[in-house]
Amino acid sequence: MIAAALVLAPRPAEAARLRVALVLDGSQSMRTQDPGYLARVAAKLFVDLAGPDDVIGIYEFGANARSHGSATGAEKERLFSAIDAVSRDEWCTDWAEGLDAALAHFDGPRPQGERRLMLLLTDGLYDPDRSEASYYTSDGGRAAFERATERVRDFAAHPCSQATSALASQVEGAFVGRIRRILAGPARERGVSIYTVGFGTDLGRESEAARRSRELLAEIARSTGGGALVARSGADLPAFFASIFAALVGAPVEPPVRFGDAGAIRIHRGARSVSVVVPTSDRELRLELDGARVTRARDDYHEPAGKPPEGYRFLQVDRPSPGTVTLRRASGDDAPLSAWVIQDLGLRLGLVAPEGVVPEGTAFAPSAGLVSASGETVPLSPEFLRNVTIEVECDGRKEARTLVGAERVSLECGVLAPGVHRIAARARHAAGFLSVDEVARDVEVVRQIAISIGGAPLAFRTKAVPGFHAQTTAAVRSGALPIQQRFRVDWTGISNVADLEVGPSEVALEPTKGSFLLSARLRDHESLRDVSRDYRGQVQITPLEPRLYAGEAAWSVPVEGHLDAWTLWDYWELYRTRILVGLGILLAVLWIVGRLAAAAFGAKHKLYYHRPDETEAAASSVRLARSKSFLPFRSARHPIGGDGKPRSARRHCVLVATRRGFRIVPDESHVVEKLEAGGEEERRQPFDGRLETRYRTGDFVFWVSRE
């Protein structure tokens with residue numbers, strides 16, 4: 001047993017699509033009632049059907065209970081090994097022990113969206129260990145019971161023997177009481193639905209003990225929202241397990257597809273997976289699905305002594321395309337077959353009813369029906385719908401009927417008085433093969449609200465300057481809101497509103513807070529400096545649900561705004577510092593450039609000049625030295641005058657320093673002649689001069705030379 005218990009390590013509680021505890025009867029009677037180990041086959045089928053994120057725990061019970069651990073549906077081989085480890089060598093059949101131990105698999109409250117199931121599989125009557133003190137009300141009672149049972153020869157070997165004393169009923173009463181405490185306490189608190197599957201000849205007897213066992217199995221299932229099944233034989237179990245799984249994942253449970261060599265399967269739109277289960281004793285049977293790619297296939301069989309093998313063939317298709325596929329026999333005998341098809345649609349209950357708040361005088365007619373996870377109506381077979389009852393409730397009034405011949409069940413509630421009204425819908429399957437959550441909502445009917453909303457005009461006169469922000473307060477001026485309401489604020493009626501950032505576009509007002517701010521600011525003030533515009537119109541305020549309001553539910557707040565264009569003084573005020581800094585930088589750059597230009601006249605250069613009628617020996621000279629003044633341009637420019645002197649006011653040309661020497665710039669009314677051997681050349685445009693070359697302008701000859 002220690003080795004069996006260590007097959008799987010226990011897993012902590014975590015959110016999953018399905019969290020399932022398979023609770024298997026491990027008593028010795030299973031050897032005779034289920035010689036082909038079909039209980040194990042059925043449990044493995046449930047594991048086959050499980051998705052990779054579903055969490056499954058394996059539990060065994062007899063006189064006591066033990067856990068074989070848990071794993072996800074992705075670890076199927078580990079779960080199969082745990083199922084095979086169920087011993088079937090216990091004397092007693094104590095359902096309470098099995099239920100109590102398996103509840104540890106569901107520690108903590110049920111996470112949102114997780115479905116929790118315990119599946120109790122037993123072959124016969126409840127038969128607890130009568131040597132356990134927990135089933136006696138006192139030590140004296142136990143001693144009396146032991147004296148009364150001394151006549152039972154095999155009591156020591158078989159403490160579960162049926163006793164005829166009065167204390168036997170006391171033990172049974174304590175056992176049933178313990179079961180009911182488990183159902184009303186831990187099972188309900190943890191949100192666990194329990195399905196019970198009983199089979200074997202013992203349960204089929206007409207004895208009083210068999211009747212009480214059947215009734216207790218039904219009570220266990222009914223009190224937790226599950227289902228109770230009694231199998232005529234072990235061959236029914238694969239179909240039962242497939243149906244229970246289908247109910248949990250939201251798949252319609254429909255009659256099996258019956259076929260000889262081939263059968264048609266219609267795949268519904270929105271099916272997340274399709275599983276096909278074919279119970280068969282033919283080990284040579286091979287099946288194919290034409291029109292769909294099989295993602296997983298498996299089979300499982302057990303052979304009771306002297307009987308043909310019993311088991312199932314399993315095929316699965318993930319994310320199938322809607323349409324029709326063909327299930328085909330590829331090999332095997334010619335015996336007719338039945339296939340259970342499970343399409344994972346996420347079947348749920350859809351409720352059509354008003355939401356939130358509605359005005360007085362509204363007529364209510366809520367309806368409910370079964371839809372897929374995507375909200376689409378699913379075409380379900382009449383055989384399935386005949387067993388489904390949908391109940392729609394409105395303020396305590398109820399309408400319940402099946403969906404045969406209709407897609408929905410409706411309830412005419414009529415016109416309801418002001419106040420809060422509850423609308424709910426529930427669905428159940430006669431055999432428990434439908435697991436969908438109840439849907440409910442509260443609807444508040446209110447008298448039509450009579451209010452007015454207004455405020456002072458949003459008035460402003462501004463220029464396009466940073467930081468401009470205009471606002472005003474709008475509020476409920478008369479009347480009162482009974483509950484929070486939302487209103488739409490429409491600014492499209494304001495001229496030139498594209499220039500503005502305005503808000504809000506939607507507000508929520510409450511009974512204790514009936515005001516809000518309307519604000520406007522310039523979207524891009526720099527692009528609007530030269531613009532003069534008016535912003536005038538009405539801000540419209542309307543409720544999101546106008547039916548709740550008496551009269552015309554629309555109010556407005558005026559906008560009166562004007563934008564003035566900038567003047568030069570505005571630019572100077574804004575950019576004064578930048579302008580002054582820029583001028584300073586410009587002067588500094590000019591000064592640096594002048595210094596560099598003046599440096600082109602080396603300290604050892606001289607300007608020589610004389611009149612044409614004088615000899616060169618009589619020429620005067622001016623040293624071209626770097627100026628020591630703050631402005632460097634006096635040494636960078638040297639005017640040549642007509643009175644025979646440099647820097648004369650009557651200048652004929654100007655010598656300008658350059659990086660390579662100097663440039664001669666004639667005055668507009670004068671020419672400069674270049675005196676060369678072989679002829680003279682007149683220049684009226686600026687040109688680069690050369691050292692030692694003689695030039696004449698009017699009655700003045702000059703040249704530049706090194707000292």
Verify the neighbour count for atom CZ of R269: are there more than 12 heavy atoms of other residues, nucleotides or ligands below 6.0 Å?
no

Any S81 side-chain heavy atom under 4.5 Å of E75 side chain:
no

Shortest non-hydrogen separation from V392 to L411 and the atoms involved
O-CD2, 3.5 Å

Step by step, would you call F240 with L121 a side-chain contact (heavy atoms from CB on, under 4.5 Å)?
CA-CA 11 Å; F240 287 167; L121 179 63; over 6 Å; no

Considering only heavy atoms from C-beta outward, does the side chain of L403 approach that of L380 to under 4.5 Å?
no

Do the ring planes of F364 and H421 sit parallel (below 30°), tilted (30 to 60°) or perpendicular (above 60°)?
tilted

Can you find a pair of side-chain heavy atoms, one from V47 and one from R78, that are under 4.5 Å apart?
no

Under 3.5 Å, side-chain donor or acceptor atoms of residues 250-263 against the rest of the protein: list the pairs with distances, not counting sequence neighbours.
residue	atom	partner	partner atom	Å
R258	NH1	S338	OG	2.7

d(H68 NE2, Y59 OH) to nearest 0.5 Å is 10.5 Å

Nearest heavy-atom pair of L434 and A247: which atoms, and what distance?
N-CB, 3.3 Å

Sequence neighbours excluded, every pair satisfying ring-ring contact (aromatic ring centres under 6.0 Å, His included) that has a member inside residues 260-285:
none

In short, side-chain hydrogen bond (donor to acceptor under 3.5 Å, both in side chains) pairs touching residues 42-52 with sequence neighbours left out are K44-D84, D48-R296, D48-R298, D48-Y312

Pair L416, C394 - check side-chain contact (heavy atoms from CB on, under 4.5 Å), show working.
CA-CA 10 Å; L416 301 181; C394 178; 4.1 Å; yes

Is H302 reaching over with its side chain to a backbone N or O of E310, donor-acceptor style, under 3.5 angstrom?
no

Heavy atoms, side chains only, cut-off 4.5 Å: are I83 and I58 in contact?
yes

Given the rule in the side-chain contact (heavy atoms from CB on, under 4.5 Å) test, do R329 and D333 qualify, once you have shown the distances and angles that lead to the verdict?
CA-CA 9 Å; R329 184 202 304 267; D333 59 31; 3.8 Å; yes

Counterpart residues, side-chain contact (heavy atoms from CB on, under 4.5 Å), relative to I267 (two or more places apart):
A271, V274, P320, V325, Q343

Listed partners of N387 passing side chain to side chain donor-acceptor pair (under 3.5 Å), at least two apart:
none

May I ask you to test the F245-L18 pair for a side-chain heavy-atom distance under 4.5 Å?
yes

Where is the tightest heavy-atom contact between R486 and E506, given as atom of each residue plus distance?
NE-OE2, 2.8 Å

Does L120 form a side-chain contact (heavy atoms from CB on, under 4.5 Å) with F61? I'd like the steps, not just the answer.
CA-CA 10 Å; L120 175 68; F61 70 92; 3.5 Å; yes

Any Lys/Arg nitrogen of R17 or D53 sitting under 4.0 Å from an Asp/Glu carboxylate oxygen of the other?
no

Report the distance from atom CG of L285 to atom CG of D299, rounding to the nearest 0.5 Å.
9.0 Å

Between the main-chain N or O of L287 and the side-chain N or O of R313, is there a donor-acceptor pair closer than 3.5 Å?
no

Does one side chain, of S273 or Q316, offer a donor that lies under 3.5 Å from an acceptor on the other?
no

Please report the interatomic distance CG(L216) to CD1(I220), rounded to the nearest 0.5 Å.
4.5 Å

Mark yes or no for whether R115, through its side chain, and S435, through its backbone, hold a donor-acceptor pair below 3.5 Å.
yes

I need the minimum non-hydrogen distance between G369 and R408, along with the two atoms involved.
N-NH1, 3.3 Å

Does any non-hydrogen side-chain atom of R428 lie less than 4.5 Å from one of E391?
no

Give me the atom names and distance for the closest heavy-atom approach of L24 to V86.
CD1-CG2, 3.7 Å

Pair up each side-chain donor or acceptor in residues 179-196 with any protein partner under 3.5 Å, not counting sequence neighbours, and list the distances.
residue	atom	partner	partner atom	Å
R180	NE	E219	OE2	2.8
R180	NH2	E219	OE1	3.2
R190	NH1	L103	O	2.6
R190	NH1	D107	OD1	3.2
S193	OG	T224	O	3.3
Y195	OH	G432	O	2.6
T196	OG1	L217	O	3.2

Closest contact, heavy atoms only, F384 versus F433:
CE1-O, 3.9 Å

T280-D282 side chain donor-acceptor pair, cut-off 3.5 Å:
no

Check E412 with R397, please: is the shortest side-chain N to carboxylate O separation under 4.0 Å?
no

